[in-house]
Amino acid sequence: MLSSETDRFAHMVRICDVRGLARVLSMVENGHILAPSIMHSLYNPERSSLTVGITGPPGAGKSTLTNRLITFWRRHDNKVGVIAVDPSSPFSGGALLGDRVRMQDHASDPGVFIRSMGSRGHLGGLSGATRDALEVLAAASYDPVLVETVGVGQAEVEIASLADITLLVLVPGLGDEVQAMKAGIMEIGDIIVLNKADRPGIEQLAMSVNASLELLPDQSERPPVVKCSAQTGEGIEDLTETITSYISSLTERKQIARRRTSLILDSIIREKGRYLARKMVTDRYGSVEKAIESILEGETTPYGIGEMLSEFIDNKRECENEH
Ligand SMILES: Nc1nc2c(ncn2[C@@H]2O[C@H](COP(=O)(O)OP(=O)(O)O)[C@@H](O)[C@H]2O)c(=O)[nH]1
Ligand SMILES: [Mg+2]
């Protein structure tokens, strides 16, 4: 029964039945009991669809740019999937208003599937839900699947770097130095997009970004930097050419499949590890809050609990009744 249901949903995704697809995405988001087996059935490390992460500070023009990129790929007859992730929004499934408005050129195009994800409800965390949603849209042969994340915090960076290619969007005037000098942020962009090139300050931004990139120890890994204006369309062709040539440089399919699989497995290991450890603490103390009480009362320490977890994992202890 379970397996035939799984097959039915996986089939709906593969034939790109839009309602089935929306249903499966909701199941993934809400941690439905069938979600893992559907994902298991759909996963193909050597799938041909590529995923493109678009990240950068709020207001950088990511949605406007996404709109332009959709137009580009639609002209090449690709079906395009878009996942707009906003961790600060409580909404999921429905519309993130601003994003929808920015992408409305494509709202009625059946070759474009747009899905918004907010912070609410994800049992495995927003990044796990996004990870799986990317795989679902890729399995439905949307190619590419774009994922726009708002902000440059840890969570957003993690989500964007799950994609096969990541665009980091920076703009003049949002505290250029701060933006450019965050070395960690530089490392996440395969392509750095300097948007709002129609605005003053773009040259200054380009200089400060290039100066930061000089500091990369391996200059052969230096990401291309492209100036454009998502609003006027200036430089968009340069950007699409850069993306296309980046994609064709990723010729080693096996290598992409390996990287993709390793990121997904790593993310699942982290997710399950956190779940397992919390569950062990809860089994032992009743709840995480009670564990904290025990620590404050001097009965143990966070490290003592860590040790206990290690011993549980290594089977050196029985789970309950240890003193
Ligand atoms: N001047 C200018 N404004 C832009 C450009 N791209 C986007 N915008 C504007 O910047 C604002 C934020 O854009 P949006 O795409 O929603 O940014 P997001 O938060 O990164 O998704 C909107 O008012 C856009 O019209 C650009 O290249 N030049
Ligand atoms: Mg946006």
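In each ligand, atom 1 is the first atom listed, and ligand 1 is the first ligand listed.
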ask   = Taking both backbone and side chain into account, is any N, O or S atom of Thr66 nearer than 2.8 Å to the Mg ion (ligand 2)?
value = no
Interfacing atoms of ligand 1 (cut-off 4.0 Å, heavy-atom, Ser229) = 26 (C), 27 (O), 28 (N)
request  = Could you list which atoms of ligand 1 come closer than 4.0 Å to a heavy atom of Asn195?
outcome  = 5 (C), 6 (N), 27 (O)
query = So, Ser287 versus Thr282: side-chain donor-acceptor pair below 3.5 Å or not?
reply = no
query = Sequence neighbours excluded, which residues qualify as salt bridge (charged side-chain N to carboxylate O under 4.0 Å, His left out) partners of Arg260?
reply = Asp164
inquiry  = Distance alone, cut at 3.5 Å: any donor-acceptor contact between the side chains of Ser63 and Glu148?
reply    = yes
query = Evaluating non-hydrogen atoms only, which member of Glu148, Glu234, Lys62, Arg199 is closest to atom 20 (O) of ligand 1?
reply = Lys62
query = N/O to N/O below 3.5 Å, does that happen between Gly59 and ligand 1?
reply = yes
key: Any N/O pair Thr232/ligand 1 closer than 3.5 Å   = no
query = Considering distance alone, does some N or O of Gly61 sit under 3.5 Å from an N or O of ligand 1?
reply = yes
inquiry  = As a check for students: among Ala230, Ser63, Ala60, Ala84, identify the option with a heavy atom nearest to atom 21 (O) of ligand 1.
reply    = Ser63
note = Lys79 and Ala140 have their tightest heavy-atom pair at NZ-O, 2.9 Å
ask   = Of Gln231, Lys196, Lys227, which has the heavy atom at the shortest distance from atom 10 (O) of ligand 1?
value = Lys196
key: Test: Lys290 cationic atom under 6.0 Å from Tyr285 six-membered ring centre, within 45° of axis   = no
task = Please step through side-chain hydrogen bond (donor to acceptor under 3.5 Å, both in side chains) for the pair Ser294 and Thr300, ending with a clear verdict.
result = CA-CA 6 Å; Ser294 290; Thr300 183; over 6 Å; no
remark   = Between Gln219 and Glu214 the two heavy atoms that sit nearest each other are NE2-O, 3.0 Å
message = Would Glu46 and Arg258 count as a salt bridge (Lys or Arg N to Asp or Glu O under 4.0 Å) here? Give the steps.
response = CA-CA 9 Å; Glu46 297 193 38; Arg258 172 169 294 276; over 6 Å; no
remark   = Contact region, Thr64 to ligand 1, non-hydrogen atoms below 4.0 Å, reads both
Closest approach to the Mg ion (ligand 2) by Glu148, given as the N, O or S atom name = OE2
